[in-house]
Amino acid sequence: MNDVRSFTLNVEYLTRVEGHGNIVVNVRTGVLEECRLEIVEAPRFFEGMLKGRSVFEAQHITSRICGICACGHTLASLQAAEAAIGLIPSPQTLRLRELLLHLENLDSHLLHIYLLAAPDLLGVPSFVPLITSHEPVVRRALRMKKTVNAVCDRFVGRHIHPITTVLGGFTRLPRPADLAAMADLLESLRPDMDATLELLSSLRFPNFERPTEYVALVSDRGEYPLLQGDIGSSEGARLPKTEYRRATNEFIVPHSTAKHTRWHQSSYAVGARARFNLNHAKLHPAARKAAEALGLQPPVHNPFLNTAAQFVECVHGLEETIQIVEEFRAKGLDYREEFTPGVNEQNRIPVRAGTGVGAVEVPRGLLYHDYEVDERGIIRRVNCIIPTGQNLNNIEHDMRAMVPILVAEGRKPEEIQLRLEMLVRAYDPCISCSAHFLKVQCVG
Amino acid sequence: MKPRIAFFDFACCEGCQLQVANLGEALLDVLKLVDVVEFREVMSEKWAGPLDIAVVEGSITTKEAVERIEKIRARSRILIAYGSCATIGGVNGMKNRSPLEEIRRTVYGEHAHTFPTIATRPVDQVVKVDYYVHGCPIWPPEFIEVLQAALQGVPCFPPDHAVCVECKLNENVCLYDKGVTCLGPVTRAGCNSWCTNNGNICYGCRGLVSNPNTKGAMDVLARYRIPLELVLNKMSMYNACREQGKTP
C-alpha cells in the first residue's frame, strides 16, 4: 500500500526559473510511468502582435519577450530584420554587438549561478537565508550583477530592454568617458570572478551523465562563435542558419503543449554546456584554465555542470569585453554612425521585400528569429525558436534516465523531487520565452 | 514585526522583477525593512497568508489570472501595480488590436483551442490598485520612492506632465528636429527621459498623461509633416488598453 517505490510528484509553479512550469512524475512500484515538464505560462502572442508592424519596431517589441535575455532577443531580432531588408551593418556595429552579447551572457550567467542555482548546492530554498549564513557571497553576487548592469547602462542605456540598439546600428555610441568607466567597472570584477571560481570549486554538483547531441554555432574563424557562424552539431553536421528548420525539426508530443525538437538523436541540448563541448578550443586561455580548475573536459555529459560551463563562459566574456572596450579606447569610435531611425519616417534606410534569419548564442543557447517583410518593411510572417524550447525534450530525456537511478538508490520522493528541480534549473530554462513561441504554424 | 511583502507575476517578461535584483547591495537595505515572503522568480519559499504589500507584475490575460489576482487582492492590504504590463497593459495590449480568434490562429494554428486567452487588461481594470510604478522596465529609483510611501501609508502619485519636460531639462535635441516621431509630448514623465537621453524616441511605455495636449501634438505633426497613422500605430504599442476602461 504505502510502497516507497510508488509515488507521484507534482511540482506546481517551479521556482527560481524564468517563467511558469510544472514537473509531473509518476512512479509505480519502482517503475517510471510518467515523467514530463509542463509549460503553463500565459501565452502572449508575440508573433501575432508583430504581424503588420514595421520591421523597425521588431527589436523594441521582441526585446520585451524576456527580461533576462532582452539583449539576446535584440541581437537575434536585428540580425533577422537586417537580413530581411538587405542591410549590412558596419564592422564597428558588429564589434559593439559582440560586446553586448558578452555582457548579456555574463549578466545572465551570474544571475543563474548565484541566485537561481547556488541555493540548491548550498542546501537552502533561496538566496534569502544566505544573507545570514553566507553574507559575503550574497553581497558579491549583488555587486557583480550591479557592476555588469552599470556597464550596460553606460553602453546601451540599460541592460533590461536596451535603448540604443536599433536596426542599422546605435542611436548613441559610448563617449570616451563611458568607455573609461566601462573599463574600470569590468576590471573591478576580476577579484570577484576569482572568488566565484573558489566558491564553485567548493560545491558538489550531483553526479549524473547522459550523453546526448550538442548543438551550437560553429565557424571557421578564430573566435568562440556567439554572434556569427553556422549551426553545428556534435554529430558533425553543419548547416547555414537560413536552414535552421532542418536542425530543429519541431514535432508535437501528446503530453506537452510546447513543441519539441530533435536532430540526429532523440533529443539535443543547447546552451553553455553545448557551446563548451563544441568550441572549447576557442575559449580565452583564462577561461580554459578556469574549466581545468573546475575539472571540466569536453564532452561534458553531466547536465548539472551546465552551471559550471556558464562560469567558464563568464571568464571568457569578461576577458573579451575588456579587450573590446580597450580596443575602442585605443582607436576611438566613429560617431558619424550614430543615428535614430525611428520607424524610418524619412526613408533613410532602403527597404526591400525579403526574408531573414537571425541565429545568436544567447545565455540559454541558440536563438532563432525568422522574419518575412513586404516591400514597405511591414512584417508579414514571424517565426522564433527559443533555446529553452529546444532543451525541453532533452530535459525530459534526462529526467527519464535519472528517476530510475534515484529510485534504485532508494531515494525518498522529496529528494527525487529536489533533484529533478535542480536538473531543470541547471538548464537555466526561460519558460516565459519558450511559451511565447510554442508555435505550430504560421498562417499567412 | 516587519511588513510582509510578496512579488507576483502575470503575463510579462519578468524584467521588472529583475530590476529588483539589479538594485545591487542596496537590495539588502530594502530587505532590512521588509520580510519578502514570496518571490517565485528567485525564491522557493511560498506564502498563502495575509500580506501587507503585494507587488504585481504583468497583465491579466486569462480567466485563471482573473481568479488569481482577485485572491491576491483579497489577502493584501496594499497592492502595487509594477511595470507597464501591470499599470497600463503594456505591449501585451497590442494583442487586443486584432480579433482574439485571429491572433490565436496566427500563432498557434490548428492548436489555437489549447491556448485560451481573453483581452489583455492592466491590473486596475480587474481589481483596485493602490500604487503605480510605471515603465518598461520600471525605473528603480521610482520603485524605492513608491515602496517608501507604501510602507509609511502616505500617497504617492506619479508625475502627470509630459516626458518633454524632463527631456528639455536634460538638454536633449528634440527628436522631431531629427525627423522622427516621438511620444514624449503625450507620455507621462517620471523616467528622467531615459530613452531620449540615449538618442532613441519615447515609445510611451509609462502611459499617456491624464490630459494629453492632443492639439499641440497635432500641431507638431503638421509642422513636421508626419502622418498621423504612424503616431497612432506607435501609441498602440503600450497604450492599446487605454480606451477599454473598467470592464468586469
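A note on names: the letters A, B, ... follow the listed sequences, proteins ahead of strands, and every chain is numbered from 1. Atom set for the values below is all heavy atoms of this structure, side chains included, hydrogens, waters and symmetry mates excluded.
Close approach to chain B, defined as a heavy atom under 4.5 Å from one of its heavy atoms, is seen in A:V128, A:P129, A:I131 of residues 128-135 of chain A, taken by number.
For the atom pair CG (B:N22) and CG (A:N149), the distance works out to 3.5 Å, reported to the nearest 0.5 Å. A distance of 3.0 Å separates CZ of A:R64 from OH of B:Y238, quoted to the nearest 0.5 Å. Considering CD of B:Q19 and NE2 of A:H159, their distance stands at 10.0 Å, rounded to 0.5 Å. Between the CG atom of B:L27 and the NZ atom of A:K146 there is a distance of 10.0 Å, given to the nearest 0.5 Å. Between B:W194 atom CH2 and A:D153 atom CG the span is 7.0 Å, to the nearest 0.5 Å. For the atom pair CD1 of A:I163 and OG1 of B:T196, the computed distance is 8.5 Å after rounding to the nearest 0.5 Å.
In B:K2, the NZ atom is crowded: over 12 heavy atoms of neighbouring residues, nucleotides or ligands sit closer than 6.0 Å. Within a 6.0 Å radius of CD in A:E414, other residues, nucleotides and ligands contribute more than 12 heavy atoms.
In terms of the side-chain hydrogen bond (donor to acceptor under 3.5 Å, both in side chains) criterion, B:D35 has no residue partners (sequence neighbours excluded).
Nearest heavy-atom pair, B:C13 versus A:I65, reported as atom, atom and distance to 0.1 Å: CB-O, 3.5 Å. For the residue pair A:E345 and B:V180, the shortest heavy atom distance occurs at OE1-CG1, 3.5 Å. For the residue pair A:R53 and B:M237, the shortest heavy atom distance occurs at NH2-CB, 4.0 Å.
Only the side chain of A:V138 comes within less than 4.5 Å of a heavy atom in chain B; its backbone stays farther off. Heavy atoms of B:L175 lying under 4.5 Å from chain A belong exclusively to its side chain. Looking at A:I61, only its side chain comes within 4.5 Å of chain B, counting heavy atoms on both sides.
Of the listed residues (A:G52, A:G157, A:A141, A:G342), the one with the most heavy-atom contacts under 4.5 Å to chain B is A:G157. Ranked by heavy-atom pairs under 4.5 Å with chain A, the first of B:G24, B:C85, B:A65 is B:G24. For chain A, the option among B:G90, B:C16, B:C136 with the highest count of heavy-atom pairs below 4.5 Å is B:C136. With chain A as the partner, the residue from B:L31, B:N92, B:I201 showing the most heavy-atom pairs under 4.5 Å is B:N92. Ranked by non-hydrogen atom pairs under 4.5 Å with chain B, the options A:H60, A:E338, A:E57 are led by A:H60.
Panel note: side chain A:R158, backbone B:P137; no donor-acceptor pair is recorded below 3.5 Å.
Residues B:N200 and A:T340 form a side-chain contact, since some pair of their non-hydrogen atoms from C-beta on lies under 4.5 Å apart.
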